[in-house]
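Heavy atoms only: backbone and side chains are in, while hydrogens, waters and symmetry mates are out.
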Amino acid sequence: MSITKLVEFEDESGDYTAVWHDEVEDVIIVQYNFVHLTLAPTEFTAFSQSLSQAVESFKELPEGD
């Protein structure tokens, strides 16, 4: 099969997240609940890095923001 599961989980709230790599199309498919993104590997890497930076910035916000 040409699709490799990179991660798949459901959190305590029931939110579902999965990421797959389609080797034939050379794309990364990201699913969060009913939202699907199909990204080129370089786009996926940039997207992931921006999310990581956003998490760090969010952690630095004062409580209540």
Side-chain angles (χ1 to χ4, degrees):
M1 186 169 212
S2 67
I3 297 180
T4 303
K5 179 176 32 175
L6 302 176
V7 68
E8 181 178 26
F9 67 92
E10 187 173 332
D11 67 15
E12 300 107 21
S13 302
D15 290 316
Y16 176 78
T17 303
V19 181
W20 302 278
H21 177 230
D22 182 332
E23 297 167 15
V24 172
E25 299 294 323
D26 195 26
V27 294
I28 306 293
I29 299 111
V30 178
Q31 179 182 351
Y32 178 74
N33 292 330
F34 298 106
V35 176
H36 290 249
L37 299 173
T38 302
L39 305 163
T42 56
E43 294 171 328
F44 172 72
T45 300
F47 179 66
S48 297
Q49 290 172 343
S50 67
L51 287 178
S52 293
Q53 290 175 0
V55 167
E56 292 306 312
S57 295
F58 181 72
K59 288 178 183 178
E60 295 173 5
L61 291 175
E63 290 293 320
D65 283 357

For S2 against V24, the heavy-atom pair lying closest together: CB-CG2, 3.2 Å

Are V7 and I28 linked, directly or through other ILVMFWY residues, by side chains that come within less than 4.5 angstrom of each other? yes

Do Y16 and I29 belong together in a cluster built from hydrophobic side chains that touch within less than 4.5 Å? yes

Kindly compute the distance separating CD (E10) from CD (E12), expressed to the nearest 0.5 Å. 10.5 Å

For side-chain contact (heavy atoms from CB on, under 4.5 Å), just list the numbers for F47 and L37, CA-CA rounded to whole Å, side-chain angles, deciding distance to a tenth of an Å, and then say yes or no. CA-CA 11 Å; F47 179 66; L37 299 173; 3.8 Å; yes

Check: V55 main-chain N/O paired with Q53 side-chain donor or acceptor under 3.5 Å: no

Distance, nearest 0.5 Å, that separates CD of Q31 from OG1 of T38: 10.5 Å

Count I, L, V, M, F, W, Y as connected when their side-chain heavy atoms are under 4.5 Å apart, and connections chain through other members. Are L39 and L51 then in the same cluster? yes

Would you say V19 and F44 make side-chain contact, with heavy atoms under 4.5 Å? yes

Same apolar cluster (I L V M F W Y, side chains within < 4.5 Å links), F9/L6: yes

